[in-house]
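Keep in mind that this is a model prediction, so the values were computed, not measured.
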Amino acid sequence: MLISYSENEKKLLEYLEQNEKITLKEFSKLLRSSYRKAQKVLVNLILTNVIKSHTTEREEYFTAVR
């Protein structure tokens, strides 16, 4: 299956290649956009099983599915 990613999705995937995880706050800063816009990108990638959401007592973060 061929998937084409938006620029924002590409930024996230490139970031996750270099770093183990990212939070919503970090991703919002990376995109220089609102939390809501960053959240939409994250949700789309979770639904397509490209990234995973992890929740701890202190934070929620996201990692690439390997």
Side-chain angles (χ1 to χ4, degrees):
M1 180 175 15
L2 183 62
I3 300 172
S4 66
Y5 296 113
S6 70
E7 283 303 311
N8 292 338
E9 292 167 334
K10 286 178 188 175
K11 282 182 187 178
L12 175 62
L13 295 174
E14 287 169 6
Y15 181 91
L16 289 174
E17 279 181 22
Q18 306 298 317
N19 303 275
E20 193 175 317
K21 63 184 182 177
I22 193 167
T23 64
L24 174 58
K25 185 176 181 178
E26 292 168 337
F27 185 47
S28 180
K29 280 185 182 179
L30 180 71
L31 295 185
R32 295 186 181 140
S33 71
S34 67
Y35 277 18
R36 185 172 209 103
K37 186 173 183 178
Q39 218 170 17
K40 284 183 180 183
V41 174
L42 293 169
V43 168
N44 286 337
L45 291 175
I46 290 169
L47 291 174
T48 55
N49 204 34
V50 175
I51 64 171
K52 269 188 177 175
S53 171
H54 306 272
T55 307
T56 66
E57 286 182 18
R58 293 178 40 199
E59 68 179 352
E60 180 178 25
Y61 63 91
F62 306 90
T63 61
V65 173
R66 308 249 177 226

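- Applying the ring-ring contact (aromatic ring centres under 6.0 Å, His included) rule to pairs touching residues 11-47 yields nothing, sequence neighbours excluded.
- The nearest pair of heavy atoms linking S33 to S28 is O-OG, 2.5 Å.
- No option in L13, V41, L30 other than V41 meets the side-chain contact (heavy atoms from CB on, under 4.5 Å) test with N8.
- T63 and L16 get closest at one heavy-atom pair: C-CD1, 4.1 Å.
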For a salt bridge (charged side-chain N to carboxylate O under 4.0 Å, His left out) check, start with the C-alpha distance between K29 and E26, then their side-chain angles and the critical distance, and finish with the verdict. CA-CA 5 Å; K29 280 185 182 179; E26 292 168 337; over 6 Å; no
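- Closest heavy-atom contact between K21 and E59: NZ-OE2, 3.4 Å.
- A salt bridge does not link K11 with E14: every distance from a Lys NZ or Arg NE/NH1/NH2 to an Asp or Glu carboxylate oxygen is 4.0 Å or more.
- Using a 4.5 Å cut-off on side-chain heavy atoms (C-beta onward), F62 and L12 make no contact.
- The side-chain contact (heavy atoms from CB on, under 4.5 Å) with S53 is formed by just one residue from the set L24, I46, L45; it is I46.
- Residue E20 holds its CD atom at 13.0 Å from CD1 of I22, rounded to the nearest 0.5 Å.
- Follow the hydrophobic side-chain contacts under 4.5 Å out from I51 and you never reach Y61; the two are in separate clusters.
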